[in-house]
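Reminder, nothing fancy here: chain letters follow the sequence lines and each chain counts from 1.
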There are 2 protein chains.
Amino acid sequence: MAMNVDDAQPVSGRLPGVGPAPVLLFHSLADPARLAIVQLLADGERRVVDLTKELGLAQSTVSGHLACLRSAGLVDAHPHGRSTFYALARPELWPLLAAAEELLTASGTTTTLCPEHHRPEPVAVCGAAVRGCTMHHSGRH
Amino acid sequence: MAMNVDDAQPVSGRLPGVGPAPVLLFHSLADPARLAIVQLLADGERRVVDLTKELGLAQSTVSGHLACLRSAGLVDAHPHGRSTFYALARPELWPLLAAAEELLTASGTTTTLCPEHHRPEPVAVCGAAVRGCTMHHSGRH
DNA sequence: AGTTATCATCGGCATATGGCGATGAATGTT
DNA sequence: AACATTCATCGCCATATGCCGATGATAACT
């Protein structure tokens, strides 16, 4: 479930230099469960059990997905007591999801990947400063 | 090699609504070969043979990857004579890749996914209008 | 100490993925 | 007409992926 970074030659060995990092990043987002986790974490950090219940997946499965997201650097794990809290680690994720959403919209698909508060201004006639992309920790410790 | 759209219940059936489209999109980018193809096509459209040589992969493999990218709506196929030209179909892809690049940079990885002419302005003090993200067809028919 | 809760990790299993060569259709060339 | 080229598709195979239950470690609670 992991996809190691150290698998050297990605395909045949002489591909143009794409590097494993972007592949890992996109791979981590190329799964319904992981994408759902990201969306849930957008609302605030969660414990593994919480996600387990919200997703309807086995605990081991959720842990696996979280490990994947963590290896991609998208989430952070904060152990607290006997539970572990997971939270989004990269605010830069929202522009990415917004861009994906826009691409899909342009392709004719209606999708919602970003919560409203993380979407960029519709057009921004210029003047308004930085918006969206704010990390908000709704404490639960 | 395709990943069908009609596989209904993605994981267990009761996941929050993420929809198959974004998964398909990210999946299409989560492969070194396909990412390489995208980069090559950024420079202009290619035939399958061209990509086959440039990637060092079997023709059937390349065709498969192109089918995947096409099913994700990222590339278009223009049959011409006995060869087929493939070109990028979505200019909106560049903001996506730029966002991914930024995220990875923020994560500490140095990666280059967009050609310079497709990158957004470094900061854009405001004033300069729309830039980058232009589709350029360097004809070869 | 004993019990309960939470979670990471492991092994097993069914399926998906990505690689290849072979085949056949379509088209251009001789 | 015969041949060559290009490409989509198919079957095969090795590996990766995602799911689960079981196990064991850690920490809290009685």
Worksheet item: Can you check whether A/L40's main-chain N or O pairs, donor with acceptor, with A/R46's side chain at less than 3.5 Å?
Response: yes
Item to complete: Measure the distance from CD on B/E45 to P on D/dC7 and round it to the nearest whole Å.
Response: 12 Å
Discussion item. What is the distance, to the nearest angstrom, from the CD1 atom on A/I37 to the P atom on D/dG18?
Written reply: 11 Å
Worksheet item: In whole angstroms, how far is the P atom of C/dT27 from the NE2 atom of B/H78?
Response: 17 Å
Worksheet item: Can you tell me how far the NE2 atom of A/H27 sits from the CZ atom of B/F26, to the nearest 0.5 Å?
Response: 13.0 Å
Discussion item. Main chain of B/L113, side chain of B/Q39: is a donor-acceptor contact present, judged purely on distance under 3.5 Å?
Written reply: yes
Between the protein and nucleotides 7-11 of chain C, which nitrogen or oxygen pairs are less than 3.5 angstrom apart?
unit_1, atom_1, unit_2, atom_2, d
C/dC7, OP1, A/V48, N, 3.1
C/dC7, OP1, A/T84, N, 3.1
C/dC7, OP1, A/T84, O, 3.4
C/dC7, OP2, A/V49, N, 2.6
C/dA8, OP1, A/Y86, OH, 2.5
C/dA8, OP2, A/S63, OG, 2.3
C/dA8, N7, A/Q59, NE2, 2.8
C/dA8, N6, A/Q59, OE1, 3.1

Response to the item:
Atom NZ of B/K53 and atom C1' of D/dT5 are separated, to the nearest Å, by 10 Å
Worksheet item: Between D/dG18 atom P and A/L55 atom CG, what is the distance in whole Å?
Response: 14 Å
Worksheet entry | Value rounded to 0.5 Å, distance of CG in A/L66 from OH in A/Y86 | 5.0 Å
Worksheet, complete the sentence: To the nearest angstrom, the CG-P distance between B/L57 and C/dG21 comes to 11 Å
Worksheet item: Tell me: CZ of B/R34 to C1' of C/dG19, nearest whole Å?
Response: 12 Å
Discussion item. Restricting to side-chain contact (heavy atoms from CB on, under 4.5 Å), what partner residues turn up for B/T105, sequence neighbours left out?
Written reply: none
Fill in: Interatomic distance where NE2 belongs to A/H27 and C1' belongs to D/dT15 [whole Å]
13 Å
